[in-house]
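Below is one structure, written out as structure tokens; comments come after it.
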Amino acid sequence: KNASGSFSNLGSASSISSIDTNKTITISNSIFESFGQFSETNTMSFTAIITDTSGNATTGTTSSSTLLIDETVPTVTTFTMSDTELKSGDTSTVNIIFSESVINFASGDITSPNGAISSLSSSDGGTTWTATYTPDSSVTDTTNVLTIGTSYTDNAGNAPSSTYTTLNFTIDTTSPSSFTVGSVTSTGGTVKSGYYNSTNTGIRVTVPIANDSTLNGGSVQIQSKKSSGTFTNLGSASTISNINTNKNISIDSSTFEGLSGEFGEDETMSFRAIITDTAGNTTTGSESSTTLHIDQTAPIVSTFTMSDT
């Protein structure tokens, strides 16, 4: 019977063929499930009536074992990622909510292309789960989904009937290729190789851009420093609009001469660049072999004499 019902016969009586022993009686699922009081979420109790050959009957005490009816398979109601555009150094928090508590759910139940699942845990006994997805390095792939398999069950032993996937996410963990900054020249006024003088109105830095489609729309940030200094951003980053070519970046005199703590008379300035692709991956290039020595002091005549006046 169920909790609110009355005991009723469950199938036909079973003959006793042995005494002074335990008798195990098997009832098919079709008989049990067709029982009038059988219903999802009901708790079923059991007793038995033993009748001897003379027809005398005794009803036994109700078994301490009950069965909770749960034939509802678990489903996934939420399966999301906190970051769906992954670049180098990124991880994504995976959020999973089931329709009910599940058991035997592990990292291996989640198929994770181009990466790995770690730190899978539940904070509420198996209904809500979180994990961390870490993409592999040197991967560029615009089509990826996580998939939950069907090897777990709910507490009643029901297994899911289907797999579940996240929405698509992209991975670009391939950094721009290594490069060396090209020539650096002063511009405007009197241009003298290797020098920046008082007549110059700016500088031009040449940076090679590789034949990499992920760079189109990315950026180049020029940096400069004095001999004993620290590389510092020189102006704002410049957008990459063409690839497989050299990009010439012009920097005006106010920006160059305003490089606080680095630019100064008689200093020798070095230059490098940081290339960032459209996913946000960066590569810092090697310094240019060209330096600029700062000399903005005009020459003066310190002595102007004649030996015989």
(message) Looking at Ile25, I want to see if its CD1 is surrounded by more than 12 non-hydrogen atoms of other residues, nucleotides or ligands under 6.0 Å.
(response)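 Atom CD1 in Ile25 is crowded, with more than 12 foreign heavy atoms closer than 6.0 Å.
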(request) Give a yes or no on whether Ile50 atom CD1 has more than 12 heavy-atom contacts from other residues, nucleotides or ligands under 6.0 Å away. (result) no
Just verifying a value: how many Å separate [X] [atom1] and [Y] [atom2], rounded to the nearest 0.5 Å?
{"X": "Ser270", "Y": "Leu292", "atom1": "OG", "atom2": "CG", "value": "9.0 Å"}
{"X": "Asn9", "Y": "Ile49", "atom1": "CG", "atom2": "CD1", "value": "6.0 Å"}
{"X": "Asn104", "Y": "Thr153", "atom1": "CG", "atom2": "OG1", "value": "5.0 Å"}
{"X": "Ile31", "Y": "Ser12", "atom1": "CD1", "atom2": "OG", "value": "7.0 Å"}
{"X": "Met269", "Y": "Thr290", "atom1": "CE", "atom2": "OG1", "value": "14.0 Å"}
{"X": "Ile148", "Y": "Ile117", "atom1": "CD1", "atom2": "CD1", "value": "9.0 Å"}

(request) For Thr147 and Thr111, test the side chains for any donor-to-acceptor distance below 3.5 angstrom and give the result as yes or no. (result) no
(request) Give me the other members of the hydrophobic cluster that Ile103 sits in, counting Ile, Leu, Val, Met, Phe, Trp and Tyr linked by side-chain heavy atoms under 4.5 Å, directly or via other members. (result) none
same_hphob_cluster([X], [Y]) at 4.5 Å side-chain heavy-atom cutoff:
{"X": "Val76", "Y": "Leu146", "answer": "yes"}
{"X": "Ile96", "Y": "Val73", "answer": "no"}
{"X": "Phe79", "Y": "Tyr152", "answer": "yes"}
{"X": "Phe231", "Y": "Ile251", "answer": "no"}
{"X": "Met81", "Y": "Val145", "answer": "no"}

Where is the tightest heavy-atom contact between [X] and [Y], given as atom of each residue plus distance?
{"X": "Gln221", "Y": "Ser236", "value": "OE1-C, 3.5 Å"}
{"X": "Lys226", "Y": "Glu262", "value": "N-OE1, 2.9 Å"}
{"X": "Ala106", "Y": "Leu120", "value": "C-CD2, 3.3 Å"}
{"X": "Pro113", "Y": "Ile171", "value": "O-CD1, 4.3 Å"}
{"X": "Asn42", "Y": "Phe38", "value": "ND2-C, 4.5 Å"}
{"X": "Glu265", "Y": "Thr297", "value": "OE2-OG1, 2.8 Å"}

Using atom types as modelled and distance alone, determine if a side-chain donor or acceptor of [X] lies under 3.5 Å from a backbone N or O of [Y].
{"X": "Asn168", "Y": "Thr142", "value": "yes"}
{"X": "Ser92", "Y": "Ser82", "value": "yes"}
{"X": "Thr43", "Y": "Ala3", "value": "no"}
{"X": "Thr283", "Y": "Pro176", "value": "yes"}
{"X": "Lys247", "Y": "Thr239", "value": "yes"}
{"X": "Ser219", "Y": "Ala237", "value": "no"}
{"X": "Ser302", "Y": "Ile300", "value": "no"}
{"X": "Thr127", "Y": "Phe98", "value": "no"}
{"X": "Thr173", "Y": "Ser138", "value": "yes"}

(request) Might you work through the side-chain contact (heavy atoms from CB on, under 4.5 Å) test for Thr303 and Val301, ending with a clear yes or no? (result) CA-CA 6 Å; Thr303 302; Val301 176; 5.7 Å; no
(message) Consider side-chain hydrogen bond (donor to acceptor under 3.5 Å, both in side chains). Of Thr174, Asn114, Thr170, which one does Asp141 pass it with?
(response)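 Single pass found, and it is Asn114.
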(request) For the pair Ser121 and Trp129, evaluate side-chain contact (heavy atoms from CB on, under 4.5 Å) and give the outcome as yes or no after the intermediate values. (result) CA-CA 5 Å; Ser121 64; Trp129 297 75; 5.5 Å; no
(request) Would you please test Gln296 and Asn197 for side chain to side chain donor-acceptor pair (under 3.5 Å) and show each step? (result) CA-CA 4 Å; Gln296 294 182 299; Asn197 61 48; over 6 Å; no
Can you check whether [X] reaches [Y] side chain to side chain, under 4.5 Å on heavy atoms?
{"X": "Ser286", "Y": "Arg272", "value": "no"}
{"X": "Gln37", "Y": "Phe7", "value": "no"}
{"X": "Asn242", "Y": "Asn216", "value": "no"}
{"X": "His293", "Y": "Glu267", "value": "no"}
{"X": "Asn22", "Y": "Thr24", "value": "no"}
{"X": "Thr128", "Y": "Asn95", "value": "no"}
{"X": "Ile275", "Y": "Ile209", "value": "yes"}
{"X": "Ser8", "Y": "Phe35", "value": "yes"}

Using distance only, find each side-chain donor-acceptor pair of residues 177-196 under 3.5 Å and give its atom names and separation, not counting sequence neighbours.
{"residue": "Ser186", "atom": "OG", "partner": "Tyr195", "partner atom": "O", "Å": "3.2"}
{"residue": "Thr187", "atom": "OG1", "partner": "Gly202", "partner atom": "O", "Å": "3.0"}
{"residue": "Tyr196", "atom": "OH", "partner": "Glu257", "partner atom": "OE2", "Å": "2.7"}

(request) Anything under 30° is parallel, anything over 60° is perpendicular, the rest tilted; go ahead and classify Phe46 against Phe32. (result) tilted
(request) Please lay out, stage by stage, how Asp172 and Asn281 fare under the test side chain to side chain donor-acceptor pair (under 3.5 Å). (result) CA-CA 8 Å; Asp172 183 351; Asn281 303 302; 3.2 Å; yes
(request) Please report the C-alpha distance between Gln223 and Asn233 in whole Å, then the side-chain angles of each, then the deciding distance to 0.1 Å, and finally whether the side-chain contact (heavy atoms from CB on, under 4.5 Å) criterion is met. (result) CA-CA 4 Å; Gln223 294 186 320; Asn233 287 347; 2.9 Å; yes
(message) Between Ser122 and Asp124, is the side chain to side chain donor-acceptor pair (under 3.5 Å) condition met? List the steps.
(response) CA-CA 6 Å; Ser122 174; Asp124 60 1; 3.1 Å; yes
(request) Determine the sole option in Thr201, Asn200, Ile294 for which the side-chain contact (heavy atoms from CB on, under 4.5 Å) test with Phe256 is passed. (result) Ile294
(request) Would you check, one step at a time, whether the test side chain to side chain donor-acceptor pair (under 3.5 Å) holds for Asn246 with Thr206? (result) CA-CA 6 Å; Asn246 287 325; Thr206 301; over 6 Å; no
May I have the list of side-chain donor-acceptor pairs in residues 62-70 shorter than 3.5 Å, sequence neighbours left out?
{"residue": "Ser63", "atom": "OG", "partner": "Ser65", "partner atom": "N", "Å": "3.0"}
{"residue": "Asp70", "atom": "OD1", "partner": "Thr72", "partner atom": "N", "Å": "3.1"}
{"residue": "Asp70", "atom": "OD1", "partner": "Asn158", "partner atom": "ND2", "Å": "3.3"}

(request) Check step by step if side-chain contact (heavy atoms from CB on, under 4.5 Å) holds for Thr84 and Thr166. (result) CA-CA 10 Å; Thr84 56; Thr166 61; over 6 Å; no
